[in-house]
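Before we start, here is the structure in question, set down as C-alpha cells.
So you know, we letter chains A, B, ... as the sequences are listed, proteins then strands, and number each from 1.
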Number of protein chains: 2
Amino acid sequence: MKSKIVQISAHSCVSCGMRGRSLFADLQSDDFALIDQPIHDLQFEPQETLFEEGAPGAFLFTVRSGIVKLVRFQSDGTQRIVRLLTSGDVAGLETSAGAHFDSTAIALTRVSACRIPRAVIDRLEAASPRLHTQLLRKWHDALKQSSDFIAELATGNARQRLARLLLQLAQDDPAQRMMLPSREDVGAMLGVTTETASRAVAAFRREGLLKSLDRQGKHFVVDVQSLRALAEGRK
Amino acid sequence: MKSKIVQISAHSCVSCGMRGRSLFADLQSDDFALIDQPIHDLQFEPQETLFEEGAPGAFLFTVRSGIVKLVRFQSDGTQRIVRLLTSGDVAGLETSAGAHFDSTAIALTRVSACRIPRAVIDRLEAASPRLHTQLLRKWHDALKQSSDFIAELATGNARQRLARLLLQLAQDDPAQRMMLPSREDVGAMLGVTTETASRAVAAFRREGLLKSLDRQGKHFVVDVQSLRALAEGRK
DNA sequence: CGCACCCTTGAAATTACTCAAGTTCAGTGG
DNA sequence: CCACTGAACTTGAGTAATTTCAAGGGTGCG
C-alpha cells in the first residue's frame, strides 16, 4: 500500500470544499471539537483497494474525488460490480452499523478519500444529533443507488444497459464528457462478458453515440439525446 | 383497498411474537409509552399494494408474515423487482430519511404488516437511543439484500439465477419447501422474460431439482445439493 | 525493439427472446 | 353437474442476442 496519507486536523474539515456534500455537512463548529481521533486524507492510485469484503470495518470513507467500485467476487474468481461511488458518496457505511465490509472497494481512477474512524462517528452521533440526519441521508443514497443499479444496469439488452451506464457516468459533466473504465469493468457492471461490452462500445463509436477524446478509448463525449432514446427502449 | 385493519395498542407491541426481529427489538417497556400515534396491523391479500413509488412516505411497515416485492416500473410498462421482503424486514425505510417511496411495494402472498407512522419513529429515536441501533441494522440489512440481489440474481445464466432464487426462497424452511411466485414475477426478479422463467422452472422439474407439492406448480421441495452446485457454476 | 496488456474482431455454439399456439385449472353461471 | 371462460403456465419454431474460443491489432513501457 503506497497510498499517500495526509493527516487532517478537525480544523481543516470545517473549511473543506466538499463538506456540504459530506457526512459532516450539518455539523457546527463545536461538534468538530469532539473529533478525538485523526481523520486522514488518503490518495489511492487506480486498482488500489480501500478495503476488502469481510474485513472488520473500523473505518468509513468519504470519497472526495475520483470513482470507486464496490465489487463482490464470485466462486469462479470473476467479479461483479455492485455499485459505483463518486464524490460525496460514503464507502463502508456498514461500519456505522457495526458490521464487516460487505464488498471490496477498489479505486477506478485516482481517488482522494477521507478515512474516518468508526469511533468518531459513534461519538459524534451520541453527542450531537446533527450527524444523524446526514448519516440517514447517506444510507438512503446508498440503497437508492443500489436499486437503481438493478433497475438500470441489470435490465434490458447490452446496448440499453451500456447506454444507461454512459448517461450516468456523463451526468455530472456540463459538456457530457466521461471516462469509461476498462471493458472488463464495464462488463462486470452490466453483467455481460468483456467481449460483449467491447462490441457494444465499439458499435456506439461507429454509430456516433460516443466520440473519442483520446487515442486509448477511455474518454468520450456522449450523445445524450440518442442514448436516452436507446435507454428507454424507443430505439 | 379492502385490507383488514386491526389497531394495536403499544401494550401489544411489547408482547409481539416477532418483536425480537422487528424495529422495536431493543426498546424497553418505558419506551412504548412514547408511542403517541396508533400502530395498525394490516392484512394484505396477494396483489394488493402497501405503497406506491413517489408517494410521500408517512408510514413505514414491518413485515410480520408473508412476502412483499419491491418493484420499479419501466418506461415500457413492464416491471423490475428490485428486492423481496419477508418476515422481520422493513418496507419503506426511506420514510425514516424523510424521503418519498423509492419503489412500489406489492404483496406476493397474504401479508401481515405493522404500519408505523413516521412521527413515532422520529419521536422514539429522539427520546431513546435504543431504537437507533435497530434502525441502523435494518438499513444495513436492506442494503446488503440489495447488493446480494445484484450479485446473485442478476449474474450468470437463467438456470443459475433461478437456482439461487430457489435456494433463497427455501432457506428458512427446515424441509426445503418453498412457494414460487408467478412465472412473470420470477422473470421480473431474474431479469429474463416470463417464457424463459417458465422454461427454466419446467426443466428443473423434469430434472428432479424441484418436486411439486401441488397441482398448480406453486409449492415445491427443492434439491438443495444440486441447486447449490448449479448456482456456483460447478454444473 | 519487444513484451505485456487490453481492446477488438471473427465464427461457431449456446442461450435467450419473440410470437404464436396449446394446455391446465379454478371459478362462473347455466 | 357440467360446459364455458379467463388467466397463467407451457411448449414450439424461428430469430436475435450473447457467450465462447481464438486470433489479431494497438499502445505504452522497460
By ring pair (Phe, Tyr, Trp, His ring centres under 6.0 Å), which residues pair with A/Phe204, not counting sequence neighbours? none
Less than 4.0 angstrom from a charged side-chain N to a carboxylate O is my criterion; do B/Arg118 and B/Glu94 meet it? no
Which pairs, with at least one residue in residues 139-158 of chain B and sequence neighbours excluded, count as a salt bridge (Lys or Arg N to Asp or Glu O under 4.0 Å)? A/Arg72-B/Asp148, B/Lys144-B/Asp148
When rounded to the nearest 0.5 angstrom, what is the spacing between CG in A/Leu166 and CG in A/Leu180? 6.0 Å
May I have the distance from A/Met179 (atom CE) to C/dC7 (atom C1'), rounded to whole angstrom? 15 Å
Rounded interatomic separation in angstrom, taking CG from B/Asp214 and C1' from C/dC25: 12 Å
Kindly calculate the angle separating the two end axes of the helix from C/dT8-D/dA23 to C/dG30-D/dC1, each obtained from five base pairs, and round it to 10 degrees. 30°
Tell me which one of A/Phe44, A/Phe59, A/Phe61 satisfies ring-ring contact (aromatic ring centres under 6.0 Å, His included) with A/Phe51. A/Phe61
Using atom CD of A/Glu184 as one end and atom P of D/dT19 as the other, report the distance to the nearest whole Å. 14 Å
What's the CZ-C1' distance between A/Arg183 and D/dT18, to the nearest Å? 18 Å
Just how far, in rounded Å, is C1' of D/dC29 from CZ of A/Arg215? 15 Å
Please check if any side-chain donor atom of A/Asp172 sits under 3.5 Å from a side-chain acceptor atom of A/Thr86, or the reverse. no
Atom CZ of B/Arg159 to atom P of C/dT14: distance rounded to whole Å? 14 Å
Check whether B/Ser146 reaches the backbone of B/Leu143 with its side chain - one donor and one acceptor, N or O, closer than 3.5 Å. no
Whole angstrom is fine here: how far is it from CD in A/Gln47 over to C1' in C/dC5? 12 Å
Going by heavy atoms closer than 4.0 Å, what residues in residues 185-201 of chain A are next to DNA chain C? A/Glu195, A/Ser198, A/Arg199
Can you tell me how far C1' of D/dC9 sits from CZ of B/Phe220, to the nearest Å? 11 Å
Check: B/Lys138 side chain, B/Gly88 main-chain N or O, donor-acceptor pair, under 3.5 Å: yes
Once salt bridge (Lys or Arg N to Asp or Glu O under 4.0 Å) is applied, what residue pairs with a partner in residues 196-205 of chain A remain, sequence neighbours excluded? none
If you draw a 6.0 Å radius around CD in A/Glu184, do more than 12 non-hydrogen atoms from other residues or ligands fall strictly inside? no
Can you label the angle between the A/Trp139 ring and the B/His140 ring as parallel, tilted or perpendicular, going by 30° and 60°? perpendicular
Which residues, if any, of residues 203-212 of chain B bring a heavy atom under 4.0 Å of DNA chain D? B/Arg205, B/Arg206
At under 4.0 Å, does any side-chain N or O of B/Lys218 touch on OP1 or OP2 of D/dC9? yes
